[in-house]
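Below is one structure; the comments refer to it alone.
Note on naming: letters A, B, ... go to the chains in the order of the sequence lines (proteins, then strands), and numbering restarts at 1 for each one. All figures in this text were calculated on a predicted structure; none of them were measured in a lab.
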Amino acid sequence: MTDVAERMAELRRQLDEANYRYFVLDDPSLTDAEYDRLLRELEQLEAAHPELAEPDSPTRRVGAAPAEGFAEVRHEVPMLSLTNAFEVEGASNEQERHREVAEFVRRIVEATGDPEPEFSVEPKLDGLAVSLRYEEGRLVRAATRGDGTHGEDVTANARTIRAIPLRLRGSGWPAVLEVRGEVFMPRAAFEAFNARARERGERPLANPRNGAAGSLRQLDPAVTAARPLAFFAYGVGVVEPASALPERHSLTLRWLRGFGLPICPEVDTARGLEGLLAYYRRIGAMRDRLPWDIDGVVYKLDRHDLQQRLGYVARAPRWALAHKFPAQEQVTTVEAIEVQVGRTGALTPVARLAPVAVAGVTVTNATLHNADQIARLDVRPGDRVVVRRAGDVIPEVVRVLHALRDPSRPPPPFVWPTQCPACGAAVVRAEGEAVARCSGGLYCPAQRKQALVHFASRRAMDIDGLGERIIDDLVEFGFVRSVADLYRLGVEDFLEMKRRAEARDGMVPATVREGRIATRWAEKLVAAIDASRDTTLERLLFALGILQIGEETAKALARAFGDLDLIRHADAIVLLAVPDVGPKVAASIAAFFAETHNQEVIDALLAAGVRPRSSGRVDPDLLARLDLAGLLQGAKRLGAPLEGLGETSIERIGRQFSAIEALRAAAPERLVPLGVAPEPAAALLALLADPHWGPRLSAAEDQVRRMRERAGAAGAPSLPLAGWTVVLTGTLASLTRDQAAGLLEQLGAKVAGSVSGRTRLVVAGEAAGSKLAKARALGVEVWDEARLLALLEQHGLRP
DNA sequence: AGCCCTCGAGTTCT
DNA sequence: CTCGAGGGCT
């Protein structure tokens with residue numbers, strides 16, 4: 001019993017503290033979810049042990065006393081709080097999951113005798129509740145809720161909110177009307193406000209709710225006026241004469257709207273439990289698309305006379321219920337901060353979290369991105385943190401609850417490692433770059449493993465079943481060092497690997513017990529590896545894991561050269577002629593192929609029977625760009641010392657000379673008639689004599705010559721959509737987006753993800769959204785699916 | 001020289 | 001999905 005009493009005291013202390021910080025200081029230390037959880041625990045304990053309940057318990061009041069600086073206002077008709085209902089986690093069916101709502105409806109059915117009572121339903125906005133008093137149609141006072149009976153006078157601030165009318169419209173209003181509603185900050189306004197604040201170097205608001213609450217409690221109304229606040233009315237307080245009030249809540253809202261008061265557009269009515277839950281689901285589904293933050297929906301028995309009959313429990317009406325959505329933010333503890341090593345050696349800090357349920361899934365990890373982010377958040381092992389699922393998918397640490405740190409023993413700050421946690425190599429962070437990298441390269445086991453995972457992944461070599469777990473073991477037991485080793489593995493190798501893994505994990509050797517199944521598994525893997533031998537050049541290029549080479553650049557390279565052999569021996573000068581390849585990317589590719597080890601791996605892959613399919617045809621546009629001028633231009637972009645030699649000069653020189661050799665043999669005087677000043681001319685000839693650049697340019701020229709020979713005189717037939725940038729939007733009926741993109745590319749088009757000035761065509765399927773709108777705004781040509789199919793048909797392509 | 005767009009890379013959980 | 005940075009256009 002003492003334990004229970006202590007726990008209750010602790011809960012009361014925590015809740016009081018949270019109230020104080022939230023209501024008085026506007027600096028919350030707990031999330032709503034955390035606060036609600038503590039409050040409910042205390043409620044349950046008080047219900048189970050009424051003798052230990054205290055009259056001033058946080059469960060008996062809505063908020064803390066008003067802060068100094070605002071006059072106190074007494075609410076004649078108290079501003080009520082609502083009973084909250086939450087989803088029951090892990091419930092097997094709808095009824096059970098919404099048990100509290102079902103009980104709410106059942107009680108009302110019993111009390112009213114109506115088997116399907118009618119409710120007024122509305123979204124529960126996340127803002128600040130206020131009461132607006134209108135006398136003779138004029139706004140005379142605005143007050144915050146405070147503790148429900150005493151609030152703060154915020155008239156001056158409320159008057160600055162444009163959504164709040166200073167005078168009621170029309171003439172049918174009662175002599176005294178108190179309007180209850182929510183002041184909030186629409187999401188877009190919040191984003192815009194913060195963007196501006198950041199531009200000016202001011203502190204951005206933490207979230208729209210705090211933005212609203214903080215703004216209304218500014219002592220200087222000018223500050224409030226600058227904040228983009230909005231208001232929705234959802235009820236009434238004092239109404240004189242009382243007879244003016246309509247008979248139903250839904251009619252009351254309409255009545256208020258008639259006076260020029262904003263009402264939430266999603267307000268509706270619903271019948272019975274099924275009607276309420278349907279509304280809950282409908283609003284829940286559109287939650288992310290709504291322009292304001294909501295944390296649930298509110299159900300109110302529609303008829304006022306029936307409301308009267310049901311009455312109140314403490315401060316909460318029995319005729320209304322707030323049905324809350326599962327929390328999207330939760331508080332948990334950082335158990336450790338670890339550093340992961342990625343495929344490229346990038347070091348990423350990850351917070352290991354005490355497991356916590358956020359919007360339906362259990363979260364245990366959250367990325368911290370990089371050192372800057374850790375510094376910005378000031379997150380340390382042991383900290384209590386607010387976790388959110390960003391975009392409802394990837395968990396992220398929103399902020400650290402620094403107030404909850406024990407000031408006498410603050411946790412030690414996270415120290416960035418100087419050595420790679422996987423291989424011990426030095427950690428380097430290039431100047432001006434956000435990421436730190438392990439310098440171990442392929443000697444680092446973590447990088448090697450990730451390189452293998454990438455190689456096998458779906459968009460690369462697509463080796464089905466070869467996931468991270470298996471690759472870990474293959475590397476650990478020495479079966480595989482490079483990607484080429486995969487093609488040497490047999491069924492027995494996989495079985496042996498599994499036996500060792502099981503022995504290591506101290507498991508019953510299932511391989512032995514379930515020999516058949518294990519053998520089937522190994523055979524499948526070997527077959528999947530075998531199947532990957534038949535691949536395309538672009539997939540293989542992507543799979544190699546060359547820094548800066550993703551799917552798109554791999555595709556561009558494959559399309560331009562049409563042959564692996566040309567690419568793996570190409571100089572950066574030649575690579576630069578590929579569209580979307582600039583100096584950095586070209587250098588990265590050349591550096592990769594300059595490594596003997598990488599060339600050996602490619603040889604081993606080819607020897608193992610990997611056959612990258614490719615057109616075998618050099619893109620004529622590429623060759624066109626690789627004339628003498630193109631080569632010189634490329635050398636200049638790669639840092640060759642050709643200051644003062646402009647583009648037009650290079651063009652002229654290229655037209656005048658047939659080849660590098662001819663230029664090298666030329667006297668400087670021959671360049672002068674071309675309009676080239678003496679110094680740049682000398683610089684150019686010096687470059688050709690330079691022991692590094694001279695031979696390099698000649699070699700590049702040789703490469704281009706070989707490519708020309710290979711291309712032959714035929715020349716490529718031009719494709720119907722060559723040079724077109726096409727964007728797909730909406731859902732196509734007869735083919736997937738990927739298929740459509742593939743077919744369009746076969747016609748020579750470049751398929752982009754978003755509409756811009758460069759877009760030549762938009763293909764719009766069903767339910768096309770913003771991209772279509774933007775295309776129309778920009779006057780971009782728009783096709784429907786039928787038109788696309790007709791074009792494909794015309795060129796012998798079928799979905 | 002500066003801006004806009006696109007691409008690459010990393011991330012979570014079922 | 002989000003960030004950062006590379007590439008190319010104005």
Test salt bridge (charged side-chain N to carboxylate O under 4.0 Å, His left out) applied to R559(A) and D619(A), step by step:
CA-CA 7 Å; R559(A) 190 189 275 204; D619(A) 180 0; over 6 Å; no

Go through [options] for me and flag the one nearest to the [X] side chain.
| X | options | result |
| --- | --- | --- |
| E552(A) | dC7(B), dA9(B), dT14(B) | dC7(B) |
| P583(A) | dA9(B), dT12(B), dG7(C) | dG7(C) |
| V363(A) | dG8(C), dT11(B), dC13(B) | dC13(B) |
| T553(A) | dG8(B), dG7(C), dC13(B) | dG8(B) |

For [X] and [N], what is the distance between atoms [atom1] and [atom2] respectively, to the nearest whole Å?
| X | N | atom1 | atom2 | value |
| --- | --- | --- | --- | --- |
| R437(A) | dG4(C) | CZ | C1' | 11 Å |
| K449(A) | dG10(B) | NZ | P | 17 Å |
| L347(A) | dT11(B) | CG | C1' | 15 Å |
| R352(A) | dC13(B) | CZ | C1' | 14 Å |
| I589(A) | dG8(B) | CD1 | P | 10 Å |
| Q450(A) | dG10(B) | CD | P | 8 Å |
| L368(A) | dG10(B) | CG | P | 16 Å |
| E551(A) | dC7(B) | CD | P | 11 Å |

What's V350(A) touching, base or sugar-phosphate or nothing? Going by heavy atoms closer than 4.0 Å.
sugar-phosphate

5′-ward residue of the pair T344(A)/N365(A) relative to DNA chain B
T344(A)

Could you grab the distance from atom CZ of R652(A) to atom CD of E647(A), nearest 0.5 Å is fine?
12.0 Å

Taking F561(A) as the fixed residue, which of I567(A), L541(A), V618(A) is the one that meets the side-chain contact (heavy atoms from CB on, under 4.5 Å) rule?
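Among the candidates, only I567(A) passes.
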
Using only heavy-atom distances, determine whether the side chains of Q450(A) and E468(A) contain a donor-acceptor pair under 3.5 Å.
yes

Classify the side-chain pair Q447(A)/R343(A) by whether it contains a donor and acceptor separated by less than 3.5 Å.
no

[X] side chain N/O closer than 4.0 Å to the phosphate oxygens (OP1, OP2) of [N]?
| X | N | value |
| --- | --- | --- |
| T367(A) | dT12(B) | no |
| Q340(A) | dG10(B) | no |
| T362(A) | dC13(B) | no |

Yes or no on salt bridge (charged side-chain N to carboxylate O under 4.0 Å, His left out) for E335(A) and R352(A), after CA distance, side-chain angles and deciding distance?
CA-CA 5 Å; E335(A) 293 181 333; R352(A) 305 284 174 214; over 6 Å; no

pair H369(A)-T348(A): side-chain heavy atoms closer than 4.5 Å:
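The answer is no; the side chains never approach within 4.5 Å.
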
Residues of residues 624-637 of chain A with any non-hydrogen atom less than 4.0 angstrom from an atom of DNA chain B: list those, numerically ordered, please.
none

